[in-house]
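Everything below concerns the one structure shown next.
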Amino acid sequence: MTTRRIADLLKTGQPDETTTIQGWVRTKREQKEFTFIEVNDGSSMAGLQVVVTQTVPGYAEAIARLNTGASVEVAGVLVPSLGKGQRIELKAASVLVHGEANPETYPLQKKRHSFEFLRTIGHLRSRTNTLGAVFRVRNATAQAIHSFFQARGFLWVHTPIITASDCEGAGELFTVTGLDLKNPPKTAAGAVDFEQDFFGKHAYLTVSGQLEAEIMAMAFTNVYTFGPTFRAENSNTSRHLAEFWMVEPEMAFCALEGNMELAEAFLKYVFKHVLETCPDDMAFFNERIEKTVLETAENIINSEFGRITYTEAIALLEKADRRFEYPVSWGLDLQSEHERYLAEELFKKPLIVTDYPTEIKAFYMRLSDDGKTVRAMDVLAPRIGEIIGGSQREERLDVLERRMQELDIPAADLWWYLDLRRFGTVPHAGFGLGFERLVQFMTGMQNIRDVIPFPRAPLSADF
Ligand code: ATP
Ligand code: MN
């Protein structure tokens with residue numbers, strides 16, 4: 001007899017079919033002559049109803065042990081279900097209890113728990129409806145990302161986790177060291193001497209794979225990264241993690257327009273795939289977590305994204321009939337309230353803002369002929385604000401060197417990055433997307449810590 005996953009049985013299982021399932025008990029309802037247990041194996045939101053009659057060997061003992069959280073294997077035959085909301089149920093022939101869960105001490109009893117509380121039981125919370133749905137959607141999103149890029153001939157490149165270059169210059173770096181922290185070697189000036197460290201230099205956990213992705217794009221034309229990145233964010237927000245995953249496509253022979261087209265096609269594809277593969281989970285989020293989840297997804301899939309320049313965005317914000325908390329003026333960065341106003345209220349759909357002032361963007365973005373703006377783009381989405389940030393990169397050696405000088409970025413550290421402009425340089429572009437932000441956006445989950453199985457944040461690295 002084969003063991004089958006519950007999602008599969010609920011879809012295709014037929015009456016009279018014999019089968020075995022394995023999973024964890026969600027609920028138990030004892031009747032006079034039989035007991036219903038609902039078993040969930042993580043393959044779907046819905047569990048399978050199992051009917052255990054008194055004729056099953058060891059009935060009394062098994063039922064006593066089958067409380068919420070217990071692990072069980074049931075062999076039996078599928079029968080049409082009389083209960084509402086389910087087509088079939090499993091009539092047990094034999095029941096094997098693998099492990100009990102004491103109802104006095106098992107923390108996940110059948111009631112609503114706050115997400116804060118669930119974070120304190122990170123080893124058990126994936127067994128709840130909401131976290132189960134989140135991690136299935138997370139999985140489907142990851143798969144969609146790979147299939148989108150692979151279908152377009154992009155190479156998945158693995159950029160390093162340990163690096164000696166600080167790409168964003170943001171200073172939110174975690175040091176990686178093998179030095180004895182009680183007694184580190186010192187330079188003459190009294191600073192820690194990283195030349196004596198494992199890598200012979202100060203090394204960090206990467207904050208972005210972009211610069212290395214650019215190297216790979218200069219050989220494979222179209223590449224993407226999808227892997228963990230780290231930021232020592234001291235901000236305790238609902239949108240920041242210390243460890244998160246980033247998706248970073250990079251395309252050679254591509255300008256900003258191609259980059260915008262890719263970003264729009266990418267978001268549409270990923271949302272469509274997730275709606276198709278996880279309809280029950282998405283319906284759950286729409287009903288229980290955030291009422292606009294499905295509407296937002298449809299909006300992404302079906303509407304053509306708006307496109308405006310930063311300069312136009314500032315003009316629209318200055319005309320807005322409302323007071324913003326943060327000032328609006330040409331040269332200042334857009335704050336989340338501004339981004340949401342534009343996407344949510346003015347355009348009522350996703351919006352790509354391009355050509356930002358040079359001063360507020362990174363050194364590698366391509367300088368425009370006006371001398372004041374760079375070819376940057378942010379994709380803003382209703383309810384979330386910025387979801388993607390990208391740019392055409394500066395491919396001209398002299399301009400890049402000048403920019404780095406202006407910003408005091410030592411050319412010696414990035415000699416290889418400059419070399420790419422010496423040898424076979426081409427116009428190229430790419431973007432970065434925070435994977436957890438995307439999953440958060442899709443599911444409507446309020447806190448980013450609830451869309452990654454094991455969140456890393458200030459003072460929090462349990463499990
Ligand atoms: P923010 O202004 O929200 O801090 P950022 O400007 O620092 O973002 P980038 O450096 O452009 O972000 O990083 C690329 C993407 O990575 C962002 O658009 C966002 O989706 C995501 N991201 C950045 N920091 C974090 C974080 N600490 N946790 C989770 N995702 C993040
Ligand atoms: Mn940041």
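Counting convention: from 1, in listed order, for ligands and their atoms alike. None of these values were measured; they are calculated from a predicted model.
By the criterion of a heavy-atom distance under 4.0 Å, neither the backbone nor the side chain of T229 is placed next to ligand 1. Contacts of H240 with ligand 1, taken as heavy-atom pairs under 4.0 Å, involve both backbone and side chain.
In this model, no donor atom of one side chain and acceptor atom of the other lie less than 3.5 Å apart for D370 and S368. For Y417 and E214, the side-chain atoms include at least one donor-acceptor pair closer than 3.5 Å. If you check the side chains of Y204 and E172, you find no donor sitting under 3.5 Å from an acceptor. Side chains of R127 and N40: a donor-acceptor N/O pair is absent below 3.5 angstrom, by distance only.
The shortest separation from a heavy atom of M246 to ligand 1 is under 4.0 Å, placing the residue in contact.
Checked for salt-bridge contact, E395 and R393 miss the test: no charged N lies under 4.0 Å from a carboxylate O. Between E337 and R323, no side-chain nitrogen of the basic residue sits less than 4.0 Å from a carboxylate oxygen of the acidic one, so the salt-bridge criterion is not met.
Ligand 1 has an N or O atom lying under 3.5 Å from an N or O atom of G434, backbone or side chain. Looking at ligand 1, you won't find any N or O of L433 less than 3.5 Å from one of its N or O atoms.
The backbone N or O of M445 lies less than 3.5 Å from a partner atom in the side chain of T443, making a donor-acceptor pair.
Closest heavy-atom approach to atom 8 (O) of ligand 1 within the set R239, Q210, Q440, R437: this belongs to R437. Checking F230, F441, F244 against atom 16 (O) of ligand 1, the nearest heavy atom belongs to F244.
Each of the atoms 29 (C) of ligand 1 lies under 4.0 Å from some heavy atom of I448. The contact set between ligand 1 and L241, taken as ligand atoms under 4.0 Å from a residue heavy atom, comprises 26 (C), 27 (N), 28 (N), 29 (C). Atoms of ligand 1 found under 4.0 Å from any heavy atom of E386 (numbered from 1 in listed order, with element): 18 (O). Close contacts between ligand 1 and R231 involve ligand atoms 5 (P), 7 (O), 9 (P), 10 (O), 12 (O), 13 (O), 23 (C), 24 (N) [criterion: under 4.0 Å to a heavy atom]. Using a 4.0 Å cut-off to heavy atoms of E233, the atoms of ligand 1 that qualify are 24 (N), 26 (C), 27 (N).
Checked against a 6.0 Å centroid threshold, the rings of F324 and Y341 count as neighbours.
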